[in-house]
Amino acid sequence: MQVSDKLIKPLTEAKYLNADNVSRYRCIMRIFFEHYEKLKYWLYQEEVYEEMIKDPFFADYRPEQCQQDLTMLTEWKNLNTIQDTKKVASIEEFKNKKYRYQMTEYSVEIERLVLRLENLFIEGASLEPTLLERIRRGIERFPEMVERDKNEVYTWWTDLNNDFVRLNQNYQDYIRDLNSMRAEEMMHTKQFLVFKDRLIEYLRSFIKGLQRNVGVIEESLCMQKEEMKNQVFEKVVDYELSIPRMDVEVSKEMIWQKVKGRYQSIYDWFVGKEGQENEAGKLFDATNDIIRRITRYAAQLSEKNALGANRKEEYRKVAELFLQCQDMEEAHKMSAMVFGMECPQHIAGDLVRETDSMNIGVYEEQPMEISLKPRIRTYREKSRRSAIRESAEQKQETRRKMLEKQREEMEKLQALEVNGRIHFGELPVLEPRIREILLKWLSDAMESADFSARTDDGRRYILDRSRADETCVVHCLDGNFTMPDLSIVFQEET
């Protein structure tokens with residue numbers, strides 16, 4: 001994209017489509033456009049006013065309003081004006097400035113676009129296999145264009161691009177219509193069965209056209225050499241540059257990029273890139289999916305219609321079969337054959353079989369019990385009541401074990417004490433639990449202002465940090481760690 005003044009400036013010519021008096025502005029512009037199509041380019045105010053009041057909707061429309069509307073459309077650059085001086089008979093008439101009005105080029109294109117939008121769902125879209133054939137013949141003529149005149153090359157190139165644009169627009173619009181909510185609702189109605197076969201045949205003929213032509217087009221595009229393509233593109237660019245244009249500046253590079261881009265779009269549509277599926281393959285799959293959906297809906301409608309059929313003859317035949325039974329046992333067998341088992345239940349699960357043999361019957365294997373639960377939201381499993389168990393003996397046993405464990409830990413800690421002091425630099429190999437207790441005592445003392453604390457059994461101790469600048473290694477069963485050389489000094493006996 002190249003940012004230019006035309007690209008970033010506001011499009012004032014489209015203001016009349018959404019202004020306050022849009023009903024008057026659009027009708028005036030449609031009057032001008034209809035006369036433009038009849039090659040009548042200039043209109044007077046009186047002519048516009050007469051056309052407006054012909055419709056009962058503008059019965060109260062006044063000439064002053066018409067003058068104001070034309071002036072506003074002129075300010076928005078939708079109309080060009082020129083003063084008509086041919087019939088002036090006095091200075092007063094010249095001062096009144098009787099104007100003629102003409103649509104601008106922008107307004108003509110805007111009205112054409114609006115007209116297309118209004119008839120978008122009326123015209124509809126179609127899938128034309130002939131477009132694929134035309135594109136195939138155009139691609140096959142690519143090598144011929146190297147020797148042809150640039151006028152003929154440009155005509156060929158324009159036709160190829162127009163066919164490709166029509167193919168894209170038509171198939172996208174048609175697939176969109178078939179996937180719309182309106183089409184979905186229609187497929188559920190009985191009227192859909194009437195033209196179902198015609199629609200499927202129409203889609204299948206398009207698929208046949210895809211199968212016949214897409215492969216040939218893909219092969220032709222892959223076989224083209226870069227040098228040959230550049231020669232053809234040069235002729236197209238030369239013709240584009242030879243077209244005289246007013247107030248438009250085009251460069252060779254700009255036209256070259258446009259031509260290359262259009263060719264690349266055609267190439268990607270039929271060939272694809274980097275191993276990905278091309279657009280033709282996606283269209284083939286989408287069309288097949290639509291055919292499958294149409295067939296499924298038609299089958300559902302047929303089944304729905306068959307449900308209401310008169311089964312009087314069927315019931316009479318079943319009654320005759322039962323009358324021919326000799327006894328009740330035979331009637332039960334006939335009932336099982338006609339109606340099947342009563343209330344059958346099919347249970348599926350991950351069953352573990354004793355053997356994988358296909359000759360073993362169901363009754364020869366071991367039975368399996370499966371608990372079934374109701375499939376309702378309010379279902380709750382019944383809770384079983386149980387008495388409170390007396391666990392005093394268990395609690396006493398647990399308490400005794402905890403006290404025994406604490407006593408053993410205290411004995412091990414007292415064994416580390418020498419003259420009321422535990423020196424970390426002289427400790428033997430420690431168990432993990434003893435190490436945790438010592439480090440907890442150390443942490444409690446470090447958190448105090450005077451570096452003192454109490455053990456769990458109430459002994460008071462103080463932390464000796466006189467040799468804190470030195471380090472020592474404490475050996476444990478699960479590893480060693482280095483720490484400052486500290487000591488725990490107890491202040492009183494237990």
Side-chain angles (χ1 to χ4, degrees), residues 347-356 365-494:
I347 301 175
D350 188 11
L351 306 179
V352 180
R353 297 185 59 191
E354 295 180 354
T355 176
D356 293 333
E365 296 190 22
Q366 292 295 327
M368 177 178 292
E369 293 185 1
I370 300 176
S371 301
L372 301 180
K373 297 180 182 180
R375 299 178 62 181
I376 56 176
R377 294 182 179 179
T378 57
Y379 171 73
R380 296 289 184 274
E381 293 187 4
K382 293 183 179 179
S383 58
R384 297 180 179 178
R385 297 180 180 179
S386 60
I388 299 176
R389 296 179 181 180
E390 178 64 33
S391 57
E393 295 181 0
Q394 186 178 358
K395 292 179 180 178
Q396 289 293 336
E397 181 66 20
T398 304
R399 183 174 182 275
R400 187 188 63 78
K401 290 181 179 179
M402 289 181 62
L403 292 174
E404 182 66 23
K405 184 177 180 182
Q406 288 181 359
R407 187 183 61 77
E408 292 177 358
E409 291 175 352
M410 292 307 299
E411 289 178 356
K412 293 178 182 179
L413 289 169
Q414 289 176 3
L416 300 176
E417 184 179 338
V418 179
N419 297 326
R421 175 189 292 265
I422 297 178
H423 187 199
F424 281 91
E426 298 176 357
L427 291 176
V429 179
L430 301 178
E431 296 178 5
R433 175 59 184 164
I434 303 302
R435 182 193 65 218
E436 292 176 3
I437 296 174
L438 292 175
L439 291 179
K440 182 180 181 302
W441 289 356
L442 188 65
S443 176
D444 293 343
M446 293 289 289
E447 292 177 356
S448 176
D450 56 354
F451 297 99
S452 65
R454 288 184 182 275
T455 62
D456 294 339
D457 57 353
R459 297 182 67 189
R460 183 177 178 79
Y461 64 91
I462 190 170
L463 191 61
D464 183 5
R465 301 186 303 114
S466 59
R467 301 175 63 181
D469 296 336
E470 302 177 9
T471 59
C472 64
V473 178
V474 179
H475 302 277
C476 304
L477 293 177
D478 55 353
N480 304 325
F481 69 94
T482 304
M483 62 172 287
D485 192 1
L486 304 175
S487 299
I488 295 176
V489 180
F490 293 98
Q491 300 296 310
E492 53 190 50
E493 296 293 336
T494 56

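On a predicted model such as this, the values are computed, not experimentally measured, just so you know.
Taking the side chain to side chain contact (heavy atoms under 4.5 Å, CB included) definition, one finds that T455 meets it with W441, D457, R459, Y461, F490, sequence neighbours left out. Applying the side-chain hydrogen bond (donor to acceptor under 3.5 Å, both in side chains) criterion to E470, with sequence neighbours excluded, gives R467. Annotation: side-chain hydrogen bond (donor to acceptor under 3.5 Å, both in side chains) contacts of K401 (sequence neighbours excluded): none. Residues that satisfy the side chain to side chain contact (heavy atoms under 4.5 Å, CB included) test with S443, not counting sequence neighbours, are E447. Scored by the salt bridge (Lys or Arg N to Asp or Glu O under 4.0 Å) test, R407 finds E404, E411 as partners (sequence neighbours excluded). Among residues two or more places apart in sequence or in another chain, the side-chain hydrogen bond (donor to acceptor under 3.5 Å, both in side chains) test is passed with K405 by none. Evaluation of the side chain to side chain contact (heavy atoms under 4.5 Å, CB included) rule for T378 yields I376 as partners, not counting sequence neighbours. For D444, the salt bridge (Lys or Arg N to Asp or Glu O under 4.0 Å) partners are K440, not counting sequence neighbours. In this view, V429 and H475, L477 satisfy the side chain to side chain contact (heavy atoms under 4.5 Å, CB included) rule, not counting sequence neighbours. Residues satisfying the salt bridge (Lys or Arg N to Asp or Glu O under 4.0 Å) test with E426, not counting sequence neighbours, are none. Residues passing the salt bridge (Lys or Arg N to Asp or Glu O under 4.0 Å) test with E431 are K412, sequence neighbours excluded. Not counting sequence neighbours, the partners of D478 by the side-chain hydrogen bond (donor to acceptor under 3.5 Å, both in side chains) test are R435.
Few gaps surround CD on E436; more than 12 heavy atoms of other groups in view lie less than 6.0 Å from it. Annotation: M402, atom CE; neighbour count of heavy atoms from other residues, nucleotides and ligands within 6.0 Å does not exceed 12.
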ask   = M483 and V474: side-chain contact (heavy atoms from CB on, under 4.5 Å), yes or no, with the steps?
value = CA-CA 8 Å; M483 62 172 287; V474 179; 3.7 Å; yes
request  = Evaluate the criterion side-chain contact (heavy atoms from CB on, under 4.5 Å) for residue pair L438 and L416; output intermediate values, then yes/no.
outcome  = CA-CA 10 Å; L438 292 175; L416 300 176; 4.0 Å; yes
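Of all non-hydrogen atoms in R400 and E397, the two that sit nearest each other are NH2-OE2, 2.6 Å. Minimum interatomic distance between C476 and F481 (heavy atoms only, all atoms of both residues): SG-CE2, 4.0 Å. Contact record, L486 with L442: CD1-CD1, 3.6 Å, taken as the closest heavy-atom pair. Listed here is the closest heavy atom pair of C472 and P484: SG-O, 3.8 Å.
The closest donor-acceptor contact from the side chain of N419 to the backbone of R421 lies at 3.5 Å or more, if one exists at all.
Remark: L413 CG to I437 CD1 distance equals 5.0 Å, nearest 0.5 Å. The distance from the CD1 atom of I488 to the CG atom of L463 is 6.5 Å, given to the nearest 0.5 Å. Interatomic distance, T471 OG1 to D485 CG, rounded to the nearest 0.5 Å: 8.0 Å. For the atom pair CG of L439 and CZ of F424, the computed distance is 6.0 Å after rounding to the nearest 0.5 Å.
At a threshold of 4.5 Å between non-hydrogen side-chain atoms, the residues I422 and L427 count as touching.
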